[in-house]
2 protein chains.
Amino acid sequence: MELFLKDIRNVNNENRHYAQKRKIITLLNKAESPLTIPGICKKVKLSVPTGTKLINELIESRIIVEVGKKETDTGRRPLVYKVDPNYAYCIGVVILLKGLSFSVFNLEMEEVHKCENNDFVLENTTECLVNVVAFIQNAIGKSEIDPNKILGLGIGITGRINSQTGNSYNYFNFLESSLTNYFSGQLSVPVYIDNDTHVLGLAEQVFGEAKNIKNAFVVNLSRGLGLAIIANGEIVSGEQGFAGEFGHIQFAESDKLCLCGKRGCLGTEVSGYALEQNFKEQIQLGETSLLLSSKDISKIQYGDILKAAWEGDALSISLIHNIGFKIGKALGNMINLLNPGVIIIGGKFASATEVLTDSIKSGMTHTALSLPLRSCELIFSSIGANADIKGAGAIVLRKMQLI
Amino acid sequence: MELFLKDIRNVNNENRHYAQKRKIITLLNKAESPLTIPGICKKVKLSVPTGTKLINELIESRIIVEVGKKETDTGRRPLVYKVDPNYAYCIGVVILLKGLSFSVFNLEMEEVHKCENNDFVLENTTECLVNVVAFIQNAIGKSEIDPNKILGLGIGITGRINSQTGNSYNYFNFLESSLTNYFSGQLSVPVYIDNDTHVLGLAEQVFGEAKNIKNAFVVNLSRGLGLAIIANGEIVSGEQGFAGEFGHIQFAESDKLCLCGKRGCLGTEVSGYALEQNFKEQIQLGETSLLLSSKDISKIQYGDILKAAWEGDALSISLIHNIGFKIGKALGNMINLLNPGVIIIGGKFASATEVLTDSIKSGMTHTALSLPLRSCELIFSSIGANADIKGAGAIVLRKMQLI
DNA sequence: TGGAGTTAGTAAATATTTTTACAAACTTAC
DNA sequence: GTAAGTTTGTAAAAATATTTACTAACTCCA
């Protein structure tokens with residue numbers, strides 16, 4: 001059994017039947033319900049005797065299990081099979097500027113254990129890295145899953161990441177080897193990495209609204225602004241994995257200095273950070289808000305403003321409207337360039353559906369051509385708060401071609 | 001033999017050995033030089049006896065031919081094989097606003113016949129469509145190739161095209177069925193269609209500077225402005241095939257009205273048409289140019305200005321510089337979003353290398369983040385004037401998965 | 001010039017897969 | 001409740017592919 005887990009990790013395995021066995025596993029994993037032998041054989045284009053042989057071998061390896069008979073209208077009732085969800089586990093870790101989270105998922109991507117450190121603050125230091133590793137090791141221990149059953153660990157981290165090489169360019173960039181090498185050395189499991197926005201895009205593609213859609217945008221609108229682009233059914237990572245820097249396109253109306261050193265970055269006007277700044281500016285200009293009655297202005301975070309808008313605070317609504325209109329204009333341009341079938345608003349702003357829908361749409365009509373705009377749907381993410389970590393865990397299954 | 005040509009057209013052929021035979025053909029087609037039986041078998045993962053059998057069947061079908069022995073340093077010299085370039089032909093047609101061209105290519109994509117109509121003017125009328133068909137029929141006749149040997153016909157046409165359905169939205173949009181259906185009905189060969197920019201991108205991907213590069217932009221800068229985006233090794237067409245409307249992103253500094261009805265489209269400042277307009281404006285403002293000595297101002301076309309710049313005309317150079325800087329800024333944003341490894345400047349402006357290189361690069365540094373910019377190369381197309389038609393012909397081979 | 005070493009390609013032996021045939025397990029109709 | 005119809009899944013037969021063994025064709029070096 002242990003050997004077989006290693007085989008799964010090795011995607012380019014050239015063992016005799018390996019490719020076909022992986023196809024069977026992937027098929028079962030993607031299927032909504034358990035499948036029959038004839039059904040499987042038809043899909044993977046194998047004869048029933050050969051398929052039966054391989055399936056029996058997989059059962060012997062304990063990766064797939066028989067789960068009773070199927071109800072049919074006619075004929076002999078076939079046995080149905082599925083992947084044993086607890087055959088192995090994958091781990092998702094998300095490292096943000098503020099906050100560190102860890103989840104264990106089974107092969108059906110159900111969360112079986114979770115652990116968070118909300119006090120965590122990301123710093124580009126060895127100490128911080130050591131802390132992250134210790135947190136993960138501790139969390140694995142607490143989860144009580146058999147370490148031999150860990151298929152791999154996927155990390156979503158803020159900043160520029162080369163997911164191919166496993167290098168990080170903004171944080172933990174002081175290592176001699178790649179960041180994935182460091183982690184897998186410390187944790188003794190395969191480690192994969194990507195940036196937080198790509199991870200969110202993967203979650204939407206696998207579990208969310210971008211399922212079965214070949215061309216889509218997933219906007220990660222939280223404290224920062226990012227964009228996962230799905231083109232031809234694949235998440236675009238670009239040549240070094242830097243694709244999606246939507247927050248740093250020069251499309252702002254003002255000339256504010258961005259953290260990246262340039263002026264006019266979209267993120268200076270469209271982001272949680274910008275929302276906080278705008279709020280404080282407006283208050284200083286004499287505007288008023290319900291929020292001030294419950295919280296000190298210096299402690300107000302963009303999450304509070306989103307909440308206040310939901311509760312009807314006029315200033316908050318107007319500021320979010322403004323952000324929606326601006327991001328809509330930028331997205332409209334992107335529609336012209338990439339003609340997506342759907343745009344999904346994810347991240348913390350996904351909850352501000354009512355306030356954002358119309359303003360984004362209005363912004364889009366200013367820039368998008370009518371033909372591609374007409375066929376582009378605007379949707380708000382429905383995966384919920386753990387979208388990012390589910391995406392991080394999904395990296396492992398994606399890399400092993402199981403989903 | 002005739003039967004086999006039909007088989008090639010039918011990509012999803014489920015005949016016993018068909019997939020493997022197609023693999024062999026594709027391998028031979030893509031290879032720089034003829035291949036040996038052991039070499040082929042290794043690549044397509046077949047044993048030598050089986051591979052030999054299939055190759056012999058392909059030789060019997062006349063699609064591949066033996067072309068002598070290979071010079072080796074040691075051992076028995078193997079026979080080498082290649083696809084018979086004259087086994088079949090594909091046809092490329094390009095329909096622009098002004099100009100209609102036709103070329104026949106053999107399977108090695110060598111042009112074996114060509115035909116142009118420079119007086120052609122594209123109009124959205126039945127008459128014009130009938131003329132195009134007649135022109136193609138006539139050209140096929142003149143080419144003297146066996147009609148049974150035509151694999152298919154690829155059309156590159158200006159305007160919005162859905163290459164999946166074969167529909168055209170700007171020109172010839174009055175038909176009941178799709179434009180490809182109409183053409184293939186009239187011409188009795190499979191017809192594929194895409195817009196002129198995507199066709200140019202395909203040419204660069206298959207024959208040009210984007211070869212082997214997974215993420216690239218191909219700029220089509222001629223009378224209009226378009227962009228073919230290659231992401232993850234594939235040309236992005238978008239959900240309906242409308243991707244690449246680079247000329248209609250709202251990124252211009254001025255507020256000129258565009259043909260699309262919107263204001264601020266990049267194409268109003270960056271395009272051959274804009275160059276003509278700017279030239280005339282400047283002359284009216286009192287500027288002078290060498291061009292005026294040889295040509296009447298009303299008859300000056302952007303091609304003349306490009307030529308004048310090459311000859312050192314100060315006004316032309318300055319106007320093109322300006323265009324370069326602006327497109328550079330727009331491309332810089334795109335670099336942030338898609339992190340391409342190379343940007344290829346194609347179209348008529350590709351010849352203005354000296355004047356454009358620095359200005360485009362300068363524009364890029366204004367908007368692109370340093371990390372993705374550093375690894376992005378700027379190249380000018382080297383395929384030459386027939387890039388578009390070669391790309392149109394290549395659609396056929398691409399659709400049949402031979403390249 | 002003629003072995004030693006190497007690779008190509010074919011023929012026979014072996015292994016694998018598919019096809020065919022059929023029994024088992026089921027539903028529905030009469 | 002039994003016959004007719006359907007589908008599953010296995011066992012034997014047929015087809016197909018791979019492995020192994022071997023000969024042919026070549027270079028290099030003594």
Side-chain angles (χ1 to χ4, degrees), chain A residues 7 12-25 27-28 31-61 63-83, chain B residues 4 7 12-28 31-61 63-83:
Chain A
D7 287 344
N12 296 315
N13 201 312
E14 297 232 345
N15 281 3
R16 188 139 193 83
H17 292 114
Y18 206 75
Q20 287 167 327
K21 282 188 182 176
R22 184 182 297 275
K23 264 194 195 170
I24 294 173
I25 298 170
L27 183 68
L28 288 171
E32 300 284 321
S33 54
L35 300 178
T36 67
I37 290 182
I40 294 168
C41 292
K42 204 175 236 175
K43 287 271 188 178
V44 299
K45 293 189 179 173
L46 273 174
S47 67
V48 174
T50 327
T52 308
K53 204 188 91 192
L54 298 186
I55 289 164
N56 284 330
E57 284 175 23
L58 286 167
I59 290 172
E60 227 169 291
S61 309
I63 186 162
I64 76 172
V65 287
E66 187 210 299
V67 282
K69 290 185 180 180
K70 190 179 168 187
E71 294 290 321
T72 48
D73 287 351
T74 173
R76 176 172 162 180
R77 289 184 173 173
L79 295 167
V80 286
Y81 304 85
K82 69 165 187 170
V83 172
Chain B
F4 200 71
D7 289 343
N12 296 316
N13 200 310
E14 297 231 347
N15 281 5
R16 188 141 192 80
H17 292 115
Y18 205 77
Q20 287 166 328
K21 282 188 181 175
R22 183 182 295 274
K23 266 193 193 171
I24 293 173
I25 297 169
T26 308
L27 182 70
L28 288 171
E32 300 284 320
S33 53
L35 300 177
T36 67
I37 290 182
I40 294 168
C41 292
K42 205 175 237 175
K43 289 271 189 179
V44 298
K45 294 188 180 174
L46 274 175
S47 67
V48 174
T50 322
T52 307
K53 202 188 94 196
L54 298 186
I55 290 164
N56 284 330
E57 284 176 23
L58 287 167
I59 290 171
E60 228 169 291
S61 309
I63 185 163
I64 76 172
V65 286
E66 186 210 299
V67 282
K69 290 184 179 181
K70 192 181 168 186
E71 293 291 320
T72 48
D73 288 352
T74 172
R76 175 171 163 180
R77 289 183 173 172
L79 295 167
V80 286
Y81 304 85
K82 67 165 190 171
V83 172

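Below, read A as the first sequence line, B as the second, and so on, with proteins coming before strands; counting in each chain starts at 1.
Closest to the side chain of T74(A), out of dT6(C), dT6(D), dT8(D), is dT6(D). Looking at the side chain of K69(B), the nearest of the listed nucleotides dG9(D), dG9(C), dA25(D) is dA25(D).
Distances shown here put every side-chain N or O of R76(A) at or beyond 4.0 Å from the OP1 or OP2 atom of dA23(C).
With rounding to whole Å, Y81(B) atom OH is found 9 Å from dG9(C) atom C1'. Taking atom CD1 on I55(A) and atom P on dT10(D), their separation rounds to 10 Å, with Å as the unit. Between the CG atom of L35(B) and the P atom of dT7(C) there is a distance of 18 Å, rounded to whole Å. Note: CD1 (I59(A)) to P (dG9(D)) measures 11 Å, nearest angstrom. Atom CD in E66(A) sits roughly 13 Å away from atom C1' in dG9(D) (whole-Å rounding). K42(A) has its NZ atom 13 Å from the C1' atom of dT8(D), to the nearest Å. The CG-P distance, from L79(A) to dA25(C), rounds to 11 Å in whole Å.
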Contact pattern, 5' to 3', of nucleotides 14-19 of chain D - B, S or - by protein heavy atom under 4.0 Å: --SSBB

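In terms of position on DNA chain C, the residue among I37(B) and G75(B) whose nearest nucleotide sits closer to the 5' end is G75(B).
Each of L54(A), T50(A), V48(A), I55(A) was evaluated against T52(A); a single residue qualifies, V48(A), per the side-chain contact (heavy atoms from CB on, under 4.5 Å) test. Screening I64(A), I24(A), L27(A), V80(A) for a side-chain contact (heavy atoms from CB on, under 4.5 Å) with L35(A), the sole residue that qualifies is L27(A).
Atoms CG and OH, from L28(A) and Y81(A) in turn, are 10.5 Å apart once rounded to the nearest 0.5 Å. How far CD1 of I63(B) is from NZ of K21(B): 10.0 Å, rounded to the nearest 0.5 Å. Between the NE2 atom in H17(A) and the NZ atom in K53(A) there is a gap of 4.0 Å [rounded to 0.5 Å]. Summarising the geometry, atom CG belonging to L79(A) is positioned 11.5 Å from atom CZ belonging to R77(A); distances are rounded to the nearest 0.5 Å.
In this structure the side chain of Q20(A) never reaches within 4.5 angstrom of the side chain of V44(A), judged on heavy atoms.
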